[in-house]
Amino acid sequence: MFPAATYADRRQSLRQHLDGGLVLLMGNAESPMNYADNVYPFRQDSSFLYFVGLDHPDLAAVLDLDSGEDTVFGDELTIDHIVWMGDQPTLVDRAARIGISRTRPRADLAGSIAATVASGRPVHVLPPYRHDNRAEIAAMLGAGFEPSLALIKAVVALRSIKSDEEIAELELAVDLSVDMHIAAMKMARPGVTEAQIAAEVERVAVAADRRPSFPVIATVNGEILHNHYHGNTLKSGDLFLLDAGGESPLHYAGDLSSTVPVDPRFTDRQRTIYDLSLQAHEMALATVAPGTPNRDVHFAAARVIVEGMKGLGVMKGDTDEALAAGAHAMFFPCGVGHMLGLDVHDMEDLGEVWVGYDGEPKSTQFGLKSLRLARRLQPGFVLTIEPGIYFIPQLMDLWRSQKHNAEFFDFDELDRWRDFGGIRNEEDVLVTADGMRVLGKPKPKTVADLEAVRG
Ligand code: GLY
Ligand code: MN
């Protein structure tokens with residue numbers, strides 16, 4: 001974990017954003033697969049990790065904004081636990097390592113919160129995303145409890161700006177993610193299965209005593225944006241897309257995407273679309289700067305895609321009008337990227353309108369509505385850059401039948417690409433005072449680099 005002062009400073013900064021009452025931070029419990037003692041790998045809540053740092057189940061923390069007292073609620077291990085799991089530091093010792101000297105039994109939490117509610121002081125909670133935490137908060141605050149907007153805004157403000165310590169963790173996460181990707185690039189060959197590659201990608205993370213930061217996407221159907229099916233065998237002529245990342249030791253996330261041909265070399269058609277997608281990616285990277293709205297980064301990539309598609313005879317008409325109409329979403333129906341941190345979609349549990357839009361309304365247009373981060377970039381933001389080009393036959397057929405954005409397409413030319421699949425590159429970047437920096441060691445991304453890695 002980070003030094004105690006890091007967590008104490010974060011809690012102190014949080015206090016400066018809020019007026020009074022209690023902050024209740026719920027840690028996560030174990031998550032059973034099929035019976036209580038057979039559990040999924042434990043993942044602590046990210047805001048709990050950020051302010052409290054304790055990576056164990058069944059904890060809660062209460063920060064008293066008026067007295068300045070912080071308390072961890074949790075139970076010391078019994079001899080039964082120690083027989084089962086071995087000796088462990090006491091909760092008192094663990095709390096001391098994150099700068100908190102008060103611990104109380106977990107069973108005292110409800111009474112402590114009830115006393116605060118009875119006294120009329122506010123209790124600030126974040127939106128729960130696990131049912132057990134939601135039920136426990138509802139039992140304490142009433143079924144109609146509302147998450148605290150003041151707390152949400154304060155946490156977003158703090159967690160959005162990554163400190164040097166956090167950036168070092170993110171670099172470790174991205175370095176591991178690059179290793180996971182290079183392993184996959186070397187393996188992608190006719191006859192290998194998606195499942196074998198997904199297993200190797202996970203093996204690289206687990207062998208480093210780390211974990212993937214989200215379920216691995218390893219697919220020959222890259223046009224399906226979040227495709228967790230691993231049942232295909234790679235064959236000559238396919239493209240293979242990997243979207244995978246690893247966690248750092250302190251659970252910061254890496255998130256990268258790569259696309260390679262299953263054959264040793266790209267075909268001319270594959271190279272044409274690959275180079276266009278890489279050009280959109282490089283344009284997006286070049287647009288990232290402090291003060292620039294990430295919406296502009298999104299549209300810089302989309303513009304390259306529209307111009308490229310016009311060059312291929314697939315699109316036509318005025319580029320600005322096509323972009324305003326959302327015609328590019330035929331190929332790029334998602335956003336250019338998202339915040340990255342302790343979560344792969346950082347702070348998504350706190351609400352996209354606060355994390356990505358600073359309270360501004362979001363577009364409802366197909367494509368643009370999926371942009372998770374549109375607000376002005378600030379030094380210290382870490383985000384993904386991941387424009388892609390996807391040929392989605394069902395979307396082609398739908399727009400053609402509806403004549404949707406028909407003035408911008410030659411649907412017959414477009415149909416020639418219907419079985420192409422999808423391509424995405426993804427890198428993780430830090431916004432700096434004067435531009436941006438790609439985090440981690442370099443990931444092969446040009447055609448030449450990819451063909452060289454694959455040998
Ligand atoms: N790489 C997973 C995602 O961005 O959703
Ligand atoms: Mn991503």
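Atoms within a ligand are numbered from 1 in the order they appear, just like the ligands themselves. Numbering of residues begins at 1 and proceeds along the displayed sequence.
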Exercise. Which protein heavy atom lies closest to atom 3 (C) of ligand 1, and at what distance to 0.1 Å?
Worked result: H345 NE2, 3.0 Å
Atoms in ligand 1 with a heavy atom of [X] nearer than 4.0 Å:
X    : result
D255 : 1 (N), 2 (C), 3 (C), 4 (O)
D243 : 1 (N), 2 (C)
F214 : 1 (N), 2 (C)

Exercise. Strictly under 2.8 Å, is any N, O or S atom of H345 next to the Mn ion (ligand 2)?
Worked result: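 For H345, the answer is no, given that no N, O or S atom comes within less than 2.8 Å of the Mn ion (ligand 2).
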Exercise. The Mn ion (ligand 2) to E426: any N/O/S contact under 2.8 Å?
Worked result: yes
Exercise. Counting only N and O atoms by type, is there a donor-acceptor contact under 3.5 Å from the side chain of R134 to the main-chain atoms of P128?
Worked result: yes
Problem set entry | Test item: N133 side-chain N/O and G27 main-chain N/O as donor-acceptor pair under 3.5 Å |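 Present.
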Problem set entry | Identity of the N, O or S atom of D255 lying closest to the Mn ion (ligand 2) | OD2
For this session: Take the Mn ion (ligand 2) as the vertex and measure to NE2 of H338 and OE2 of E386; round to 10°.
Result: 80°
Exercise. With a 4.0 Å cut-off on heavy atoms, is V344 touching ligand 1?
Worked result: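 V344: no contact with ligand 1 (<4.0 Å).
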Exercise. For H338, is at least one N or O under 3.5 Å away from an N or O on ligand 1?
Worked result: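 Between H338 and ligand 1 (N or O atoms, distance only) the closest approach is under 3.5 Å.
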Seminar exercise, completed: Result for side-chain contact (heavy atoms from CB on, under 4.5 Å) between H328 and one of H298, M315, R303, M309 points to H298
Exercise. Is it true that the side chains of S213 and R210 contain a donor and an acceptor less than 3.5 Å apart?
Worked result: no
Exercise. Does the ring of Y50 carry R10 above it, NZ/CZ under 6.0 angstrom from centre and within 45° of its axis?
Worked result: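 Verdict for Y50: a cation-pi partner in R10.
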Exercise. Can a cation-pi geometry be assigned to R375 and W354, taking NZ or CZ under 6.0 Å from the six-membered ring centre and within 45° of the ring axis?
Worked result: no
Problem set entry | Test item: D346 and V355 side chains (from C-beta on) under 4.5 Å apart, heavy atoms |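 When only atoms from C-beta onward are counted, V355 and D346 do not touch, as no gap falls below 4.5 Å.
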